[in-house]
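Reckoned from all heavy atoms, side chains included, excluding hydrogens, waters and symmetry mates. Each chain gets a letter, A, B and so on, in the order the sequences are listed, and its residues count up from 1. Just so it is clear, the model here is predicted, and its values are computed rather than measured.
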Amino acid sequence: MTTFKRDIAAVVAPATGLTLEAVESAITLPQHEGQGDFSFPCFPLAKSLRKAPAAIAAELAKTLQPPPGFTKIEALNGYLNFFVDKPDFARRVLSEIARSEAAYGDNGLGTGKRTVIDFSSPNMGKELAFHHLRGTMIGNSLSKVYRKCGYEVVRVNHLGDWGTSYGKLIVMFLREGLGEADLSGLTLEKLNALYRSFDAASKQDPGLEDEARRVFAQLESGDGWFRRLWSVFRDVTLDELKRLYSILGVGFDIYMGEAFFADRVDDVVGLLQARNLLKESQGAVVVDLSAFDMPPALIRKSDGSTLYITRDIAAALYRHTEYGFARCFYVVDNGQSLHFQQLFKVLELMGNEWHRQCEHIPFGLVLHKSEEGNWEKGKTRTGQASLLKDVLEAASEKILGIMAEKNPEVAGNSKLAMEIAVGALVFSELKNRRLNDIRFEWDQALSFEGDSGPYVQNAHVRLCSILRKAGLSPASLASMTLEGIRWELLKEASAVDLIDTLAQFPDKVAVSMESRDPCPLAQYALSIADGVHRFVHECRVLGSSKEKERLLLVAAARSVLGSALDLIGVPAIESM
RNA sequence: GCACCCGUAGCUCAGUUGGAUAGAGCGCUGCCCUCCGAAGGCAGAGGUCAUAGGUUCGAAUCCUAUCGGGUGUACCA
């Protein structure tokens, strides 16, 4: 794509007096038929040339020679429209895809740089709710996209395994008369129930909150029994967590929770003190941020225990010295933006120039309908938010029914049903821009029609099916010879459009990276699927006189669609 | 009050370093399986891009204000 733009720039720049870069970045892709394949708008030239844009375009169209690979240049509405030589375009695009395969779309933007991506990061003792899927899959996708751009990526799960919540769990555990003997059979459901009963009990007895804080303070100062309970609670949660991650196809390089940083907070306090940033206020130790129009950062509570910003400072310092990151991303919901503003400001005040390399990647909240009928942030503890495992299960069950109805060959394949369920749920999370709030409704979450994961997966399935019937494996692109391919035969509108779409993949990868949003790639997967469905509908592949050419396009489309699906975390299945 | 985010078709949303005639899906009206998978394709209806100003040759996109919705705002994470 960029090589085509560069070729155009080489012709246009000398004639207009603009730089190559200026021309290249001004070139756009036209939307409508008859406008060619690449356009250069002549409007900015009107002032310097003191001529109407339409006249400039007309004159340039007359005098310029089409660059190699182009057939003609036309002027229309003040635009200079460039028409590619279709067979040559097909040759260049498909050859490149065939040559690079899974590496197609790679770019070296991040070569030699390391990026830490902190995502998912759930709290221990609580079930994963549906809304955790968003951050988890955005982080998962971004880590793949950044890897594709050459970055070395460190995926960190910053577990919420420290804090007053543990005081609450321990208080309830003891209140219910449980002990060592009950630890072996402990489940995450039970821990969740403890949270709920704590909430109920503390409504009756507000003193319980204080007790929980006291217990946490004891835990933090090293109480052995409490430490033992904490450790079991954490393990129980982690087991269930990893079960769900494996269903989702998500992996982490490091599970390092807040507890790990708990005994580094004294160092943080020391550093803050050395910079003379600390101040006592209402019995607590804070960094005053009023000069920056922000509430103070609470470093230590009045009972001496720490808060999560203190541990986040410790974690940032640790990550910087340990990984020497070029970038450190925090994929956390938009509700925490003030926290991250405070965190980055404190890092700056501490004299860390690298605070600029830290970035909050916020995403919109999942809203649930309250009893009053308002849309608001769901709460796991009140049971208002839906659990991720329940949604996954309901989705795969429904899909199992659809499979039995549509394709007897795969009926009863529950593993496949789960892959389709994951594809559906993940795709619907990522097809919209990450900052949009999402309203959770069961019938919408379980809707698999239209622009959905299954639709995109189905396009991949059909390509695989054609390749299979041709006696080829889905990944057979590499083994196909380009010798004797008659490129001019790929001339039907659906074939031409599909090739055009495939050519855009590298640009979409870069856009997704720059915007730190998987959405452009999800939308792109959708447009490949559209193109695939139209192509296989219009153009018979097997047994056609153009079988060799069309089979190559099928294999190339399969390869690019597979890459796109992989980047957004939707399973690229081969039958359904 | 202040801060962050959102407002595009009846509904859910793409489109955003400013470019030509604003696009999908769902729902609605029809059409297409002796044809590699119909979880598909084709056609139709549906829009003052929240509102009002501004910048510009050009604004859904940038700036300002207003309205509406979500979230956060000192000892939870």
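Computed from coordinates, the A/L551 CG to B/C36 P distance equals 16 Å when rounded to whole Å. The CH2-P distance, from A/W375 to B/C11, rounds to 14 Å in whole Å. Taking atom CG on A/D333 and atom P on B/C4, their separation rounds to 17 Å, with Å as the unit. Rounded to whole Å, the distance from CD on A/Q336 to P on B/G72 is 9 Å. Rounded to whole angstrom, the span from the CZ atom of A/R439 across to the P atom of B/C11 amounts to 11 Å. Following rounding to the nearest Å, A/H537 (NE2) and B/C35 (C1') show an atom-to-atom distance of 9 Å. If you take OH of A/Y455 and C1' of B/A39, they are 10 Å apart, rounded to a whole angstrom. Rounding to whole angstrom units, CG of residue A/D530 and P of B/G23 are separated by 15 Å.
When each of A/F119, A/F363, A/F344 is tested with A/Y330 by the rule ring-ring contact (aromatic ring centres under 6.0 Å, His included), just one qualifies, namely A/F344.
Pairing each heavy atom of A/V532 with each of A/A557, the nearest pair is CG2-CB, 4.2 Å.
Checked by distance alone, A/S281 brings a side-chain donor or acceptor within 3.5 Å of a matching partner on the base of B/A74. Residue A/N407 places no side-chain atom within donor-acceptor reach of the base of B/A38, judged by atom type and a 3.5 Å distance cut-off alone. Residue A/S39 places a side-chain atom within donor-acceptor reach of the base of B/A20, judged by atom type and a 3.5 Å distance cut-off alone.
Comparing B/C57, B/C13, B/G70 by their nearest atom to the side chain of A/F43 picks out B/C57. In this structure, the nucleotide among B/U73, B/C36, B/A39 sitting nearest to the side chain of A/P295 is B/U73. Comparing B/G70, B/C6, B/G23 by their closest approach to the side chain of A/L367 singles out B/G70. Nearest nucleotide to the side chain of A/R462, out of B/G27, B/A3, B/G40: B/G40.
Among the atoms of the strands shown, base atoms are found under 4.0 Å from some heavy atom of A/Q35. Residue-level contact check: A/D210 touches neither bases nor backbone, having no heavy atom under 4.0 Å from any strand. A/S25 comes within 4.0 angstrom of a nucleotide base, judged by non-hydrogen atoms across all strands.
Under the Watson-Crick and G-U wobble criteria, each requiring two contacts below 3.5 Å, nucleotide B/C31 is paired to B/G41. Across all strands shown, B/C62 pairs with B/G54; the Watson-Crick or G-U wobble distances both stay below 3.5 Å. Figure legend. B/C36 is base-paired to no nucleotide; pairs are counted as Watson-Crick or G-U wobble with both atom distances under 3.5 Å.
Between A/F40 and A/E441, the residue anchored closer to the 5' end of RNA chain B is A/E441, taking for each the nucleotide with the nearest heavy atom. The residue among A/L298 and A/N334 whose nearest nucleotide of RNA chain B is located toward the 5' end is A/N334.
Base orientation of B/C33: syn, the glycosidic angle falling within 90° of 0.
B/G58 and B/U21 have their P atoms separated by 14 Å, given to the nearest Å.
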- prompt: So A/N458 and A/H533, side-chain hydrogen bond (donor to acceptor under 3.5 Å, both in side chains) or not? Walk me through it.
  reply: CA-CA 9 Å; A/N458 185 50; A/H533 279 130; 3.2 Å; yes

- request: Before giving the answer on ring-ring contact (aromatic ring centres under 6.0 Å, His included), spell out for A/W162 and A/F261 the whole-Å C-alpha distance, their side-chain angles and the decisive distance to 0.1 Å.
  value: CA-CA 9 Å; A/W162 206 241; A/F261 300 103; over 10 Å; no

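Between the CG atom of A/D497 and the CD atom of A/E538 there is a distance of 9.0 Å, given to the nearest 0.5 Å.
A/K168 forms no cation-pi arrangement with A/Y195, by the criterion of a distance under 6.0 Å to the ring centre and an angle within 45° of the ring axis.
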